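Below is one structure; the comments refer to it alone.
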Amino acid sequence: MNVFAVFLTSMILLGVFTVFCIAVDLASYIRKKNVIKPVEFYAPEGYSPIDAALVYSARGLKANNMLNPLLLYWADRGYVKIDDDGRGLKVTKIKWLPPFEESGRVDQKTYDCELTLFREMFTEHDVFYTLAARSKMNETYDAAIQECKKMSRSVVGKKGKIFSIVMKSVAAFLAFLIAGIISLYIEMPIVFIMLFPVIGSFLIKFLPAPFYARVPFMLVWGGVPLIAVLFMFPMETLFKISVGMSVLVLVLTVSVFAEKTDFRNEENLKIYGKVCSFKRFLTVADKGRLEALVEENPDYFFDVLPYFYVFGITKKMRRKFDKIVPDGSFRFLGGIRDIYID
């Protein structure tokens, strides 16, 4: 087998695998795209911001941003009152969260996460200052966030998890196979170092560290060894291209394609359609329609406000509600209506 044959074999293996991954993701995307999306003015009944975020984002969940919408959600339901006292947010407990059976919620796991946070905030005192949060509260919050991340991996359904595992497993196998072929040809096992960035892209999903800490991990774990292989060891140009292309394609597969497979069941697809429709209504509704809803239900603004954060449309909705003055739960939000807890 000559240099070109090794290169061609590597590219064919990568090409076939990439086409398979794209086909799977495209099938899951079309299935979600074609779900019926009836017009929804509210989030599905019993769905808190965490529930809606899980349904809407699945594995793409940005759980670190959940505290603000949860505070607003609790305030809207009269569990807390929120004020800005000049030093940050002052959250005062009005009453405890009701038992799950009385809460009207649909998912006990997400409810339990919220209850854990609520208890940590108010077990010792009835007032909680966000800027003076105790280290134990931060630890509890981090633990709750990690639990949400775990739950997000199940949203895509059993078939989605299977496809994801298959993609990751085949990516690791191809990295080993291609590295093995090249290593045998040049008689340098150092090429197996290309496994490191591929494995690292899988491990990074389980690191609790923030993004700015994960990047150095990937650079040290996979980037430095790979660069050493490509530039410090004598190899044919086509071999170097094979190694570089293999790592790039397989890392992208593990990081992107395997995380986008989504084959949830029909019932969960219907809920997904409702959540998407709710977001679409909020983003396209004109001022007149929103004014009518606020007139019909003075609490409407505060009922939907927590979900602005879930969908990432806070600034857009601020402009829409700028001249619409709601009543209702305003009493639970002190004087912070105009800052939306940004």
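All figures in this text were calculated on a predicted structure; none of them were measured in a lab. In this chain, numbering begins with 1 at the start of the sequence shown.
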Would you say [X] and [Y] are hydrophobically clustered, going by side-chain heavy atoms of ILVMFWY under 4.5 Å?
| X | Y | result |
| --- | --- | --- |
| Phe302 | Val294 | yes |
| Leu250 | Val166 | yes |
| Val19 | Val256 | no |
| Ile162 | Val170 | yes |
| Ile12 | Val3 | yes |

Check for a donor-acceptor pair, side chain of [X] on one end and backbone N or O of [Y] on the other, with a separation under 3.5 Å.
| X | Y | value |
| --- | --- | --- |
| Ser103 | Pro98 | no |
| Thr116 | Asp112 | yes |
| Lys149 | Leu61 | yes |
| Lys279 | Ile313 | no |
| Thr283 | Arg280 | yes |
| Ser164 | Ala258 | yes |

Would you give the length of the straight line joining atom [atom1] of [X] to atom [atom2] of [Y], rounded to the nearest 0.5 angstrom?
| X | Y | atom1 | atom2 | result |
| --- | --- | --- | --- | --- |
| Ile241 | Met11 | CD1 | CE | 8.0 Å |
| Phe301 | Met317 | CZ | CE | 8.5 Å |
| Glu40 | Glu45 | CD | CD | 11.0 Å |
| Tyr141 | Glu120 | OH | CD | 14.0 Å |
| Ile50 | Cys148 | CD1 | SG | 4.0 Å |
| Phe41 | Leu290 | CZ | CG | 10.0 Å |

Exercise. Can you find a heavy atom in the side chain of Phe278 that is under 4.5 Å from one in the side chain of Val310?
Worked result: no

Exercise. Within 45° of the six-membered ring axis of Phe308 and under 6.0 Å from that ring's centre, is NZ or CZ of Arg318 located there?
Worked result: no

Shortest non-hydrogen contact between [X] and [Y], atoms and distance:
| X | Y | result |
| --- | --- | --- |
| Phe122 | Val91 | CE2-O, 3.4 Å |
| Met167 | Phe20 | CG-CE2, 4.5 Å |
| Met151 | Cys113 | CE-SG, 3.9 Å |
| Pro197 | Val251 | O-CG2, 3.6 Å |
| Arg289 | Asp286 | N-OD1, 2.8 Å |
| Asp303 | Asn297 | OD2-ND2, 3.2 Å |

What do you reckon, is [atom1] of [X] surrounded by more than 12 foreign heavy atoms closer than 6.0 Å?
| X | atom1 | result |
| --- | --- | --- |
| Phe173 | CZ | no |
| Lys270 | NZ | no |
| Lys159 | NZ | no |

Exercise. Does the side chain of Asp51 pick up a donor-acceptor pair with the side chain of Ser48 at under 3.5 Å?
Worked result: yes

For this session: Could you tell me whether Glu259 and Arg153 make a salt bridge, using a distance below 4.0 angstrom between a side-chain N and a carboxylate O?
Result: no

Exercise. Is Lys93 salt-bridged to Asp126, going by a charged N under 4.0 Å from an acidic O?
Worked result: yes

For this session: Check the pair Val155, Arg59 against side chain to side chain contact (heavy atoms under 4.5 Å, CB included), reporting the backbone distance first and the verdict last.
Result: CA-CA 8 Å; Val155 174; Arg59 289 196 186 100; over 6 Å; no

Problem set entry | Between Tyr79 and Tyr73, ring centroids under 6.0 Å | no

For this session: Give the intermediate values and the outcome of salt bridge (Lys or Arg N to Asp or Glu O under 4.0 Å) for residues Lys320 and Glu291.
Result: CA-CA 10 Å; Lys320 286 196 174 193; Glu291 284 180 329; over 6 Å; no

For this session: Begin from the C-alpha positions of Asp262 and Arg264 and carry the test salt bridge (Lys or Arg N to Asp or Glu O under 4.0 Å) through to its verdict.
Result: CA-CA 6 Å; Asp262 191 337; Arg264 50 189 101 184; 2.7 Å; yes

